[in-house]
Amino acid sequence: MNNNSIWLDGFDKTTCPKLNKDIEVDVLIIGGGITGISTAYHLINKKLKVCLVEKNNIGCGVTSKTTGKLTYLQENIYSKLKTYVGLEKAKLYLESQKEAIKIVTDIIEKENINCDLEKNSSYIFSYKDDNKLEKERKTLLDLNVQLKDSNKLPNNEEVIDSFYVEDTYVFHPLKYVHALKNICLKNNISIYENTKVTS
């Protein structure tokens, strides 16, 4: 069994130098995954001296092990939020997830990034008859999410119950992250790899 990330398989990445001297910056970003590199990207043209430091290679940690989905469906998070903090907070969380997807897709379009972005349905399903899925369905409907019901997954596998949304995406996270890295480098943001921050 291959335990390597499918995103790393055959991915040709250029590397940045190792930091081997003391430097002074306005903003230090520790970690070069999708969060770190996105932070650096959003600091372009802010008149700040920005440096990103990654202990291994850009995007090769948690980001390289993601599903590559840009979705706001996450198991039964909305019914849990409704139970513990109320429907209004669940709505805020939903809005934050949809806004995050919009930010990424807008960047891809603006920067003309080739990262295999594709509109794709996201499913939540169950192999057993319980009310957890029904609670999530009801909560999402209360939040005005447009759901479609199905008893089959896209691979035709039959399930007890499932629903899906059609306004989500898949993409190649490493192609995206490395495109952002190159944009940052062209805009005078310093990026160092194989450099561990200890203090």
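Just so you know, residue 1 is the first one in the sequence shown, and it goes up from there. Remember, it's a predicted structure, so these values are computed and weren't measured experimentally. Any value given below was found using the heavy atoms of this structure, including those in side chains, with hydrogens, waters and symmetry copies removed.
Ionic pairing of Glu95 and Lys98 is not present here: no N-O contact between side-chain nitrogen and carboxylate oxygen is shorter than 4.0 angstrom.
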query: What do the steps show when you test Cys184 against Val50 for side chain to side chain contact (heavy atoms under 4.5 Å, CB included), and what is the final call?
result: CA-CA 10 Å; Cys184 288; Val50 179; over 6 Å; no

query: For Thr83 and Thr139, what are the C-alpha separation, side-chain angles and deciding distance, and is it a side chain to side chain contact (heavy atoms under 4.5 Å, CB included)?
result: CA-CA 10 Å; Thr83 298; Thr139 303; over 6 Å; no

task: Please lay out, stage by stage, how Asn76 and Lys135 fare under the test side chain to side chain contact (heavy atoms under 4.5 Å, CB included).
output: CA-CA 8 Å; Asn76 61 335; Lys135 281 173 68 177; over 6 Å; no

field: Pair Phe171-Asp116, side chain to side chain contact (heavy atoms under 4.5 Å, CB included): steps then yes or no
entry: CA-CA 5 Å; Phe171 76 141; Asp116 308 327; 5.8 Å; no

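Counting only distance, with no hydrogens or angles, the side chain of Ser126 and the backbone of Ile160 share no donor-acceptor pair below 3.5 Å. The main-chain N or O of Ile58 is found under 3.5 Å from a side-chain atom of His178 such that the two form a donor-acceptor pair. At distances below 3.5 Å, at least one donor-acceptor pair connects side-chain atoms of Trp7 with backbone N or O atoms of Thr66. Put simply, the side chain of Thr195 gets close to the backbone of Glu193: a donor and an acceptor are under 3.5 Å apart. Remark: side-chain polar atoms of Glu54 are paired, donor with acceptor, to backbone N or O of Asn56 under 3.5 angstrom. Under a 3.5 Å cut-off, the side chain of Ser64 and the backbone N or O of Cys60 do form a donor-acceptor pair. Between the side chain of Glu136 and the backbone N or O of Ser79, at least one donor-acceptor pair lies under 3.5 Å. In terms of modelled atom types and a separation under 3.5 Å, the side chain of Asn156 and the main chain of Lys152 share no donor-acceptor contact.
Atom CD of residue Glu109 and atom CG of residue Leu117 lie 10.0 Å apart, to the nearest 0.5 angstrom. We find the OG-CD1 distance between Ser190 and Ile29 to be 10.5 Å, quoted to the nearest 0.5 Å. Within the model, atoms NZ of Lys102 and CD of Glu99 stand 6.5 Å from one another, a figure rounded to the nearest 0.5 Å. Here the straight-line distance linking atom NZ of Lys69 with atom OG1 of Thr168 works out to 8.5 Å at 0.5 Å rounding. For the atom pair OG (Ser162) and CG (Leu133), the distance works out to 7.5 Å, reported to the nearest 0.5 Å. The distance from atom CG of Asn45 to atom CD1 of Ile189, rounded to the nearest 0.5 Å, is 8.5 Å.
Residues Cys16 and Leu185 come closest through the heavy atom pair SG-CD1, 4.0 Å. What you find for Gly33 and Thr63 is that their closest heavy atoms are CA-OG1, 3.4 Å.
Annotation: salt bridge (charged side-chain N to carboxylate O under 4.0 Å, His left out) contacts of Lys138 (sequence neighbours excluded): Asp142.
Residue Gln146 places its CD atom among 12 or fewer non-hydrogen atoms of other residues, nucleotides or ligands, all under 6.0 Å distant. Residue Lys65 qualifies as enclosed at atom NZ: its count of foreign heavy atoms under 6.0 Å is above 12. Other residues, nucleotides and ligands place more than 12 heavy atoms under 6.0 Å from the CG atom of Asp106.
Between Ile37 and Tyr176 the shortest side-chain heavy-atom distance does not fall below 4.5 Å. Residues Tyr169 and Val104 fail the side-chain proximity criterion, which asks for heavy atoms closer than 4.5 Å. When side chains are defined from C-beta on, Glu111 counts as touching Tyr41, because their heavy atoms get closer than 4.5 Å. Using a 4.5 Å heavy-atom cutoff, the side chains of His42 and Ile107 are in contact. Inter-residue side-chain proximity for Asn57 and Asn194 is flagged as met; some heavy-atom pair is nearer than 4.5 Å. The side-chain heavy atoms of Lys46 and Val27, taken from C-beta on, include no pair separated by under 4.5 Å. Contact of the Val159 side chain with the Tyr123 side chain is not registered, since no non-hydrogen atoms from C-beta on lie closer than 4.5 Å. Within the 4.5 Å cutoff, no side-chain heavy atoms of Lys89 are placed close to those of Leu81.
At a cut-off of 3.5 Å, with distance as the only test, no side-chain donor of Tyr78 or Gln97 sits close to an acceptor on the other residue.
One hydrophobic cluster holds both Ile103 and Tyr72 under the rule that ILVMFWY side chains link at heavy-atom gaps under 4.5 Å. Neither Ile30 nor Leu52 shares a network with the other; the hydrophobic side chains, linked directly or stepwise wherever heavy atoms of I, L, V, M, F, W or Y lie under 4.5 Å apart, form separate groups for each. Under a hydrophobic clustering in which Ile, Leu, Val, Met, Phe, Trp and Tyr are joined whenever their side-chain heavy atoms come within less than 4.5 Å, directly or via other members, Leu174 and Leu180 fall into different clusters. Linking ILVMFWY side-chain heavy atoms closer than 4.5 Å, directly or via other members, places Tyr164 and Leu70 in two distinct hydrophobic clusters. With hydrophobic clusters built from ILVMFWY side chains whose heavy atoms lie under 4.5 angstrom apart, Leu73 shares a cluster with Leu87.
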Quiz: residues 17-26 side-chain donor-acceptor pairs under 3.5 angstrom, not counting sequence neighbours:
{"unit_1": "Asp26", "atom_1": "OD2", "unit_2": "Lys49", "atom_2": "N", "d": "2.7"}

